[in-house]
S.K.: 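One structure is given below, represented as structure tokens, and several questions about it will come after.
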Amino acid sequence: PTEKKTYTIGFSQCTGGDEWRRVMLNDMKRELALYPHFQLLYKDAANSTATQLAQIKELVRQDIDLLIISPNETSPVLTAAIDEVFQKGIPVVLLDRKITSDSYNSFIGADNLEIGRMVGEAIPTLLKNGGKVVEIWGLASSSPAQERHKGLMEGISKTTNIQISGQLYGQWEQDTARKVALANLEILREADLVFAHNDVMALSVQRVCQEAGVSPLPLFVGIDGLPGPKSGLQRIMDGTLTATFLYPTGGEEAIEVAAQILAGKAAKREYLLNSIRIDRSNIKAIKAQSDKLLHQQQDIEKLNQRIGQLNDTYASQKNALYVIITC
Ligand code: FRU
């Protein structure tokens, strides 16, 4: 068989600084172990569209064969930059966040509009007598925040006794959420439920409420449902969050789809990943499954390392043998 050509995949990440995106990168790396002829060039834009623009250019200069990107915003400049890459003939895979043009091969991610709707439909089941909801937005110029908000409004439109009493802008970030919560304590004191576009912000606002002695505390609902000791699943387990909605990273799928495209096979325009509502009723089963999955993933990572070591040993022995034979 002929040797496979080596491919360079550029990955432009809007931010690498939170747990969800660390999980995404790990998911990618695990999958990449199956494709030794792929090399990943990773760039972290640290929440800055300007930085991401520069990094896209840099990746193109480094001659990537395909671009995977989570665009920080749906903004016209970022859309234009991605258009340009696509028009150069470099395939583009959008991951989790969208742009406003069609210049991409595949989009991979959960359906944020649908998740927003599920949240909107869950709220009346949590506030049986109706009440006031404060919405904590992710970055308002990013597609998941826009779609989660739109879905929420659609979801609660079927009820009359739920009122959105405040909208605060936490930009997906723990610290920003903290600042806006501190500046809007009066709205939070009146709230029956806080819905944040991600778990990180929900927990951050909750802490502010606790520190300020808000009593009774409103209910807290988030999105992501990550495993790990401080993340969503554990918070549902200990009752801190009332509900969260699974938001899969798509890291593995992104590499799979990249592999298909690079092999010249047809890729679907959209890969929609499933979400699910997580609360007291199903957390035990989900936590057990997620712990098992984590364990298996760790085993795979160990195996990959072991294979790497064996390959190194084999290569050095082969060299040694070559030296002996040619001496
Ligand atoms: C991580 C994150 C997630 C959220 C997603 C939306 O950076 O903020 O918490 O679900 O991005 O793009």
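When a residue number appears, it is its place in the shown sequence, counting from 1. Start at 1 and go down the list; that is how both ligands and their atoms are numbered.
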S.K.: Does Asp279 have any side chain to side chain contact (heavy atoms under 4.5 Å, CB included) partners at least two apart in sequence or in another chain, and if so, which?
M.R.: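 For Asp279 the side chain to side chain contact (heavy atoms under 4.5 Å, CB included) partners, ignoring immediate neighbours, are Ala243, Arg277, Ser281, Asn282.
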S.K.: Only heavy atoms of Asp18, strictly under 4.0 Å: list the atoms of ligand 1 that pass.
M.R.: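 Those qualifying, in numeric order: 1 (C), 7 (O).
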S.K.: Judged on heavy-atom distance to atom 5 (C) of ligand 1, which of Arg21, Glu147, Lys98 sits nearest?
M.R.: Arg21
S.K.: Look at atom 6 (C) of ligand 1 and say which protein heavy atom is nearest, naming residue and atom and giving the distance to 0.1 Å.
M.R.: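 The closest one turns out to be Asp96 OD1, 3.5 Å.
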S.K.: What atoms in ligand 1 come closer than 4.0 Å to a heavy atom of Arg148?
M.R.: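 Here the atoms of ligand 1 in question are 4 (C), 10 (O).
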S.K.: With atoms numbered from 1 as shown, which atoms in ligand 1 lie under 4.0 angstrom from a non-hydrogen atom of Trp20?
M.R.: 1 (C)
S.K.: Can you tell me which residue and heavy atom of the protein come closest to atom 3 (C) of ligand 1, and the distance to 0.1 Å?
M.R.: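 Here the nearest protein heavy atom works out to Asp224 OD2, 3.4 Å.
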S.K.: Considering only heavy atoms, does His197 approach ligand 1 within less than 4.0 Å through its side chain, its backbone, both, or neither?
M.R.: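 The answer is neither.
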S.K.: Is the number of heavy atoms from other residues, nucleotides or ligands within 6.0 Å of CZ (Arg207) greater than 12?
M.R.: no
S.K.: Output yes when Lys150 and Glu147 qualify as a salt bridge under the 4.0 Å nitrogen-oxygen rule, no when they do not.
M.R.: no
S.K.: Cluster partners of Tyr169, using ILVMFWY side-chain heavy atoms under 4.5 angstrom, listed by chain and number?
M.R.: Trp137
S.K.: Of Asp27, Asp96, Asp44, Asp224, which is the lone residue that meets salt bridge (Lys or Arg N to Asp or Glu O under 4.0 Å) with Arg21?
M.R.: Asp96
S.K.: Regarding ligand 1, does Trp172 bring an N or O atom to under 3.5 Å of one of the ligand's N or O atoms?
M.R.: no
S.K.: Are Leu59 and Leu66 linked, directly or through other ILVMFWY residues, by side chains that come within less than 4.5 angstrom of each other?
M.R.: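 No: no chain of side-chain contacts under 4.5 Å links Leu59 to Leu66.
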